[in-house]
Amino acid sequence: MPDKPKIGFYWCASCGGCEESVVDLAEDILMVTGAVDIVFWPVAMDFKKSDVEKMDDGSILATMVNGAIRTSEQEEMARLIRRKSKIVIAYGSCAHLGGIPSLANEFEKAEILKYIYSDAPSVINKEETYPLTEFKHNGRYVTLPVFRNIVRTLDQVIDVDYYLPGCPPTPKLLKQAVLTLLSGELPPKGAVLAPDYALCEECPRKKTKPDNVSFTQFVKPHMMLIDKEKCLLAQGVICMGPATRAGCEALCINGNMPCSGCFGPTSRVKDQGAKILSSICSNIEAKSEDEIDTLLNGIPDPVGTFYRYGLAASLLRKKIQEGK
Amino acid sequence: MYSTNGNNIPRIGFYICHCGHNIASIVDVVEVQKYAATLPGVTVSRDYKYMCSDPGQELIQQDIKEHNLNRIVVASCSPLLHEHTFRLAAEKAGLNPYYFHMVNVRENVSWVHDNKEQATEKAKDLARAAIKRVFFHKPLEKKTVQIKPDVLIVGGGIAGIHSALTIANAGKHVYLVEREPTIGGHMAMFDKTFPTLDCAACILTPKMSAVKSHPNITLWTYSEVEKIDGFVGNYKATIKRKPRYVNEELCVGCLDCIEACIYKEAKYPDEFNLGLSKRKPIYIPFPQATPQVVLFDPETCIDFKSHRCKKTCIEACERNAIDLKQTAKFEEIEVGTVIISTGFKTYDPKLSPQYGYGKLPNVYTSLEIERLVNASGPTAGEVVTRDGKKPESVGIIHCVGSRDEKSNKWCSRVCCMYSLKLAHLIKEHTGAEVYNFYIDMRTPGKGYEEFYDKFMNEGVHFIRGRVAEVTDWALVPEEENKLTIRVEDTLIGVVRRIPVDMVVLSVGLEPREDASEIRRMFNISCSSEGFFLERHPKLAPVNTFTDGIFIAGACQGPKDIPDTVAQAGAAAEALSLISAGKIELEPNTAQVIEKYCSGCKSCIPLCPYTAISFKEDIKKAYINEALCKGCGTCVAACPSGSITQNMFEDEQIFSEIEGLLKFAGIELEEKEVEHA
């Protein structure tokens, strides 16, 4: 039997949802396993780093890496995978753009550690014990990975060939990606494997968007009964659709929730949050400073709203404290 | 990544201009030149005394040929001034002009800094940003649009009249639209004009008649521009012709109807005479009004109120010209260019209560005095106070609503001269003692100083000082039944009280109340005081920032008659466009990338030039390039990055920013990430 192409899956700073989405392929997973050998998938099968190290460089056709990069271990694994794989695919929002974990870039490393190990209400740590990267006990060394200053996207650490967007990517996109890989007809390097227009294009509510939204208020979805037919922006609910790549077939909107932007920007946009902001702010009705302030009170967490999945990849990237 | 236009990798020519001492005295131009020479892509780097001069431009052209340059960066003055010059120079040497980029090291550097070292660093910084930017420049083609030959002129004062005649005499058609029932504007209200003391009517009315009879002029009085859209060369305007209730074609101005009006006596304040006389509900503004057509005031006509009038006017009209059922008519016209000459209004002196206007009956505005001294005015030229007395002494207060922090800061330019003229006319008509209260006498203009000299010798009194107050509160018997002017005479350093019979307030000139509506309708700008803004105060005084829209006369700022007439230069600008027949549009326009547009409509309401529409059939946005001015608003707002703009593409802007930031020492490299 000739060798089937080898495929790997790996996770870094992520929630596990991307791994789930592989399983969401349902019976199609049989098609995948029929066509390829999965040689590395820690979440599902028992593999060790040393197993990968033993593989020939470039022997894996493609590895899908999900999760952002926060620790030295994730960095090391990413570099190792890069060496062993012909193609590396950043899988899901975190690897692609930083994802939810990169919202941590709003805080300094020290602040984060202090909260987690001292200040969090559920923590009692009177001795102020903080994790160390090296610890000697009974003559043995214990090591922990280094917690880096910021969260990075996968392509801020290693060279990435393709991106599968989404939190998580839809099974349909994954299936398409695998078929594309197997077909050998590869898209240009750096491509995001989803359409390059914004979600409005495939939104079932597109026709209900007025020419001029002129926002008079912003409301969060739980604060009102959302009309199931009407454009969410027209109802004052922040919907990231206009600034977000299509491909999910408006999953959230079909569930009567606004798009939160997980597919990231189109290829022509460098900063998704800045883009939706400049679009929304250009269309607000308020004119005076007071009116604007009142209106903006409807968006209590702007970074979490506009940069929910992409802070690390954005022009903002991270908060820098004054004087640093 | 960069566009090469078939001429290989960027070969950049960098030039920095000394601008005489303007730049070179603060910026070490040689150092900047040497620095630029070290940057990637720079083939030639030079400094030169005057880059905009012919030899300067030839230098660029020669280098383009000799060194096969394909990008040009000139660091000199503002692009507003010389971008065009250098683009043209590049074009003449066979390079697409949009491979040129300009750095402003004069307004942005040498004129605003005094530290030579830092200024030089900043100049380097800006040069570097530009050099990084031009890597990504692309060749662009200008689009041309045709210019329709007809011209719309808004406002029929002397500026509009003169412009209309100039254009009509050149054989082009003019639509002259005037809001009032007659053309003539403020000038028609004046008696004499300074400094020649010509009779205003004698020189104006022939021009008014010429407008009326000119075959190339369509005159629409009592009309207003309702709506205008389009772009240079191709404007569509809707003109509202308000009902006069008199058929303009039939009325010959015999005025029999006015005679026959059921009101035997005129009862209502006459607007043209500023309420100093009365008119009937059917009237003509003044005897030489153009057109010679009467009109009804429906507010005061009995028939409009009760429908019970005997309508003696209709009986009197042999030509059946009266039509009480007339309604507003709307005319739609297509024109290529527009001249706005909507004039000014005078300052309302009630806003300076210390002068008593509106409370003290014998305090007048200068415009009221113009009517009083006018032979065809309410008193047939006899100067009498409101109580019917001939004044024995008159005080003229200058700068009312001018040069005053509390009202208007600007000098209205005409008041000193018209005050001198009125002083002379009042003296001539009444023999009164006339006092002029002035801050400074401003008489710049041909024959103006001589005019002033003449009246100083004529016995007109001149008192230098801003008047504190006009009061009827007498302190001494000489002040009884008089108006007392309290003023510090700054030449002798005492406070004086001067009793007079009549006070004339020389009111300043202001923008019209509805100037900002006009401005919005025609999409032009105004300066801080509200007068319409010219494109350049010296070199493009009648152009606006909207192509094909020109301004003439006092709507741009206070002007006397000679200067206003000189602004018929607006007509020359319009004619020059018309005879060129077409105009090239800057290619800095925005485009929707149709295949990427998601139809989210974010851009639609934003365009200040209404250039964006939504194509319902394909559900995508569309930009009319002829209307687009390249402001970039939609480009920034497009949330999916599906609108691009020539000359402001992302890679151009980002490379420019990168050029600036790197210089400032901010490096967004890995180092920042390293490490715990």
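Within every chain, numbering begins at 1; the chains are lettered A, B, ... in the order of the sequence lines, protein sequences first and strands thereafter. Quick caveat: nothing in here was measured; it's all calculated off a predicted structure.
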*asked:* Given heavy-atom pairs under 4.5 angstrom as the criterion, report whether the side chain, backbone, both or neither of A:Pro265 touches chain B.
replied: neither

_So for atom CD, which belongs to B:Glu141, do other residues, nucleotides or ligands contribute more than 12 heavy atoms lying within a distance under 6.0 Å?_
no

_Pair B:Tyr596, A:Asp196 - check side chain to side chain contact (heavy atoms under 4.5 Å, CB included), show working._
CA-CA 7 Å; B:Tyr596 293 138; A:Asp196 202 10; 3.9 Å; yes

*More than 12 heavy atoms of other residues, nucleotides or ligands under 6.0 Å from NZ of B:Lys406: is that the case?*
no

_How about CD on A:Glu229, more than 12 heavy atoms from neighbouring residues, nucleotides or ligands closer than 6.0 Å, or not?_
no

*Could you give the distance from CG (A:Asn212) to CD1 (B:Ile604), rounded to the nearest 0.5 Å?*
10.0 Å

*Quick one: are A:Asp211 and B:Pro605 in side-chain contact, heavy atoms under 4.5 Å?*
no

_Point-to-point distance, once rounded to the nearest 0.5 Å, from NZ of B:Lys619 to NZ of A:Lys207_ = 9.0 Å

_Closest heavy-atom pair and its distance - B:Lys595, A:Tyr197_ = O-CD2, 4.3 Å

*asked:* With a 6.0 Å cut-off (strictly less than), is the heavy-atom count around CD of A:Glu291, excluding the residue itself, greater than 12?
replied: yes

*Just wondering, do B:Lys601 and A:Ser279 contact through their side chains at under 4.5 Å, heavy atoms?*
no

*Side chain / backbone / both / neither for A:Val269 at chain B, heavy atoms under 4.5 Å*: side chain

*Under a 4.5 Å heavy-atom cut-off, does chain B meet the side chain of A:Pro195, its backbone, both or neither?*
neither

*Out of A:Met240, A:Arg245, A:Lys206, A:Gln272, which one racks up the most heavy-atom pairs below 4.5 Å with chain B?*
A:Lys206

*More than 12 non-hydrogen atoms from neighbouring residues, nucleotides or ligands closer than 6.0 Å to CZ on B:Phe545, yes or no?*
yes

*For the pair A:Lys270 (side chain) and B:Asp650 (backbone), establish whether a donor and an acceptor sit closer than 3.5 Å, ignoring hydrogens and angles.*
no

_Just verifying a value: how many Å separate B:Ile593 CD1 and A:Arg268 CZ, rounded to the nearest 0.5 Å?_
5.5 Å

*Using side-chain contact (heavy atoms from CB on, under 4.5 Å) as the criterion, point out the one residue from B:Cys600, B:Cys597, B:Ser602, B:Ser640 that pairs with A:Cys200.*
B:Cys600

*Select one option (side chain, backbone, both, neither) describing which atoms of A:Ile69 are under 4.5 Å from chain B's heavy atoms.*
neither

